[in-house]
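Remember, it's a predicted structure, so these values are computed and weren't measured experimentally.
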Amino acid sequence: MTALQAAVSALQKGDIPSACALLEGALKSAPDDPDALQLMGIVHRRLGNLSEAARFFRKSLKINAAQPHTLNNLGITTATLGDLDEAKTCYERAIALAPQFADAHYNLGLLLSGRNEWQSACDRLKHATRLQPKNGKAFEALGIALRENGEHKEALHAAQTAAQLQPNAPSAHHNLGQACMAVGDYAGAASAYERAIELNAADVTWIGLGHAYRSLGRSAESRNAYQKAVELNPANPDAHRLLNEMIWQTGDAPRYLQSFKLALQRGTDDRRLRLAYANELLKIRQNEQAVTELEIVLAASGINGDALDAMARAKSAAGDHRTALEFHARAMETLPESSLILRNYAETLLKEGEHQRAHQITGLGRQRFPIEQGILALHTTAQRLVGDKGYHALVDYAGLAKQLVVEPPPGYPDIETFCADLKAVLETLHATKAHPTDQTLRGGTQTFGTLFLNQSPVLQQFVVQLRKAIASFIAGMPEDPAHPLFARAKRDFAFAGSWSVRLSSGGFHTNHFHPMGWISSAFYVDVPDVAAAKGKHDGWLKMGETNLDLGDREAIQRYIQPKVGTLALFPSYFWHGTVPFESATPRLTIAFDVVPK
């Protein structure tokens, strides 16, 4: 056995010191032996000496560049060191030399996934799975990439294959749960998450299981799953937020936010957790307490753009607009790439009456974030208040918002009859008792998750008819590349969220916009009789009025009467809300956002 063969044997046995000694001896005799050099690189990588490992790999490749495995090893090492560009080049060179080299395809796919280059990642990982059809990790990575790329059915197949090939791998079952959730198979998701937890209980998997139970209407079990996530990782802000949202929506208000307090009292000194707690306090208008928490965060972390923004919002909500504006400006300097921080700044400028400055800031925002609808909503408000002549072209409430009658599916005599069946399905999905704290409705409930993933035949019939109405709305748009609504018009579109809202007596929507949409909506499934009363607008959709409490600077530009079977479509940047109503009959709607493909 040669020294190199003995070194390989030692590496395989995990005997790193022996391998290192053998290779040092071999390199004394033959310092330019590329095989010995690349093996020494592997030794240093096993020891954690990544820079030294990369040096040996490069030296080996300098002597013999045609080494696919050494290129792959250098790629792994440089990726770990953070040089993703060099790693990508290494993997690509390895593949060019050996097109059937599955590991290089796999590693390149992982790198591209890390960069959110999902289509390219899918291509590489498909190569890897074709070359190694028993490689469960490759199928698992492929499933994730396909899901992120919007190819949900294909992602589910890959995730199922990964779980079959890796029956004892918790991550494979967790990712199968994620894939099931993406196609609306909530029972399948729950089973997959439960299996992952049996193998290794992780906080993120308990969160996934909570989502699955919540989608199935199993509110108590959902709450328990989120509680388990908090117990496993008390520093996880998402786990706390989700647990407390379920506590609120299941009507247990006295326990709301208690998990945050308990974790912080026990010394979980995580600034992200305290910041998340402060943001939850702001949702329920506990501004002074939020300020106290934010002062602790800022004292500990110094410059923190998100904390500065939260402090600005707290001061603004308390009416101290001048102090708020100072925090907004600092937050923008810290995180200039954040559209949300710019939007929050503009809101306070408008509240304070600095209309011209708000116009300037939102104009800048439109250049930086051209399709962000919230910035556009605030810009149109500033336009109106400064007398900008371009205002009416952007917010033609009479012309741009349409109310359509949706045609009933085949087999139904009219849309009203269909809506009765649709109502019966939706009522089963409204499983909570209170409105979400992070949404605009008050006095009602909202379904969880993506409504249109629900495989109910009635709901899927509705989606088919809905698509026809939306296509008609888009087809009627004129060509106008300068208009923010018309410029994005495409025949192909997708839903960017879908949900149902059930408003009870006294319920309403606060005025709002949909920042990530293009076209927004309201379809009326059931409407209280009071909405038809003459001379009133109870329960009606209203447009144009902001949520900024501008007093006599506010203006409602249009009302739309809700009627069963009708669909209101309008630009997502339109301010809209609803007028409260009093009735024993709930107001039941379906809403969604549309975006161009």
Side-chain angles (χ1 to χ4, degrees), residues 214 219 241-242 244-257 279-287 290 313-314 316-319 344 347 351 374 377 426-427 429-449 451 497-515 517 520-528 530-531 533 536-551 554 556 559-562 568 570 572 574-593:
R214 196 170 169 185
S219 299
R241 178 180 57 79
L242 290 161
N244 283 284
E245 189 60 39
M246 281 307 297
I247 288 172
W248 176 271
Q249 290 192 47
T250 51
D252 193 6
R255 286 188 172 84
Y256 185 60
L257 302 186
N279 276 313
E280 294 303 307
L281 290 167
L282 288 175
K283 289 180 186 177
I284 57 172
R285 302 190 177 187
Q286 298 293 319
N287 301 320
R313 288 183 284 115
S316 182
N344 293 335
E347 288 187 0
K351 289 179 182 178
L426 295 175
E427 291 285 6
L429 302 178
H430 284 272
T432 53
K433 298 177 181 178
H435 63 263
T437 60
D438 57 351
Q439 299 296 327
T440 63
L441 70 146
R442 301 291 181 267
T445 58
Q446 180 170 315
T447 56
F448 176 71
L451 180 65
S498 53
W499 60 96
S500 172
V501 170
R502 186 180 187 271
L503 291 178
S504 304
S505 187
F508 63 98
H509 282 277
T510 61
N511 299 321
H512 63 287
F513 44 75
H514 293 242
S520 293
S521 63
F523 176 79
Y524 300 101
V525 181
D526 196 22
V527 177
V530 69
K536 294 185 177 181
H537 298 107
D538 291 3
W540 287 34
L541 178 65
K542 59 178 178 176
M543 295 182 173
E545 186 180 50
T546 78
N547 65 2
L548 304 176
D549 297 323
L550 300 181
E554 292 287 10
I556 297 175
Y559 290 101
I560 293 179
Q561 181 182 357
F570 47 90
S572 294
F574 273 18
W575 284 100
H576 60 285
T578 60
V579 180
F581 68 95
E582 299 291 337
S583 173
T585 302
R587 180 183 185 273
L588 186 63
T589 58
I590 289 174
F592 53 88
D593 286 334

Residues that [X] engages under ring-ring contact (aromatic ring centres under 6.0 Å, His included), provided they are two or more places apart:
X      : result
Tyr524 : none
Phe581 : none
His430 : none

I'd like to check [X] versus [Y] (side-chain heavy atoms, cut-off strictly below 4.5 Å). Are they in contact?
X      : Y      : value
Ile560 : Phe570 : no
Leu503 : His509 : yes
His576 : His514 : yes
Lys542 : His537 : no
Leu426 : Asp526 : no

Can you tell me how far apart CH2 (Trp575) and NE2 (His512) are? Round to the nearest 0.5 Å.
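So the CH2 of Trp575 and the NE2 of His512 are separated by 10.0 Å.
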Checklist entry - What's the spacing between Arg313 CZ and Lys283 NZ if we round to 0.5 Å? => result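 That separation rounds to 9.5 Å.
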Shortest non-hydrogen contact between [X] and [Y], atoms and distance:
X      : Y      : answer
Ser219 : Thr250 : CB-CG2, 4.0 Å
Asp593 : Ser572 : OD1-OG, 4.2 Å
Pro528 : Pro586 : CD-O, 3.9 Å
Ile247 : Tyr256 : CG2-N, 3.8 Å
Gln561 : Ala531 : NE2-O, 3.4 Å

Test side-chain hydrogen bond (donor to acceptor under 3.5 Å, both in side chains) applied to [X] - qualifying residues, sequence neighbours left out:
X      : result
Asn511 : Glu545
Asn547 : none
Trp248 : none
Thr546 : Glu554

Applying side chain to side chain contact (heavy atoms under 4.5 Å, CB included), name anything that partners [X], two or more places apart in sequence or on another chain.
X      : result
Lys351 : Ser316, His321, Leu548
Arg285 : none
Asn287 : Leu282, Ala317
Ala591 : Trp499, Ser521

#### Entry: Donor-acceptor pair between Asn279 and Arg241 side chains, under 3.5 angstrom
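Short answer, no.
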- Kindly indicate, with the supporting measurements, whether the criterion side-chain contact (heavy atoms from CB on, under 4.5 Å) is fulfilled by Gln286 and Glu280. CA-CA 9 Å; Gln286 298 293 319; Glu280 294 303 307; over 6 Å; no
| message | Does anything in residues 578-589 form a side chain to side chain donor-acceptor pair (under 3.5 Å)? List the pairs, not counting sequence neighbours. | response |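 Applying side chain to side chain donor-acceptor pair (under 3.5 Å) to every pair that reaches into residues 578-589, excluding sequence neighbours, yields Ser505-Glu582.
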Apply side-chain contact (heavy atoms from CB on, under 4.5 Å) to the pair Ser500 and Leu588, showing each step before the final yes or no. CA-CA 7 Å; Ser500 172; Leu588 186 63; 3.7 Å; yes
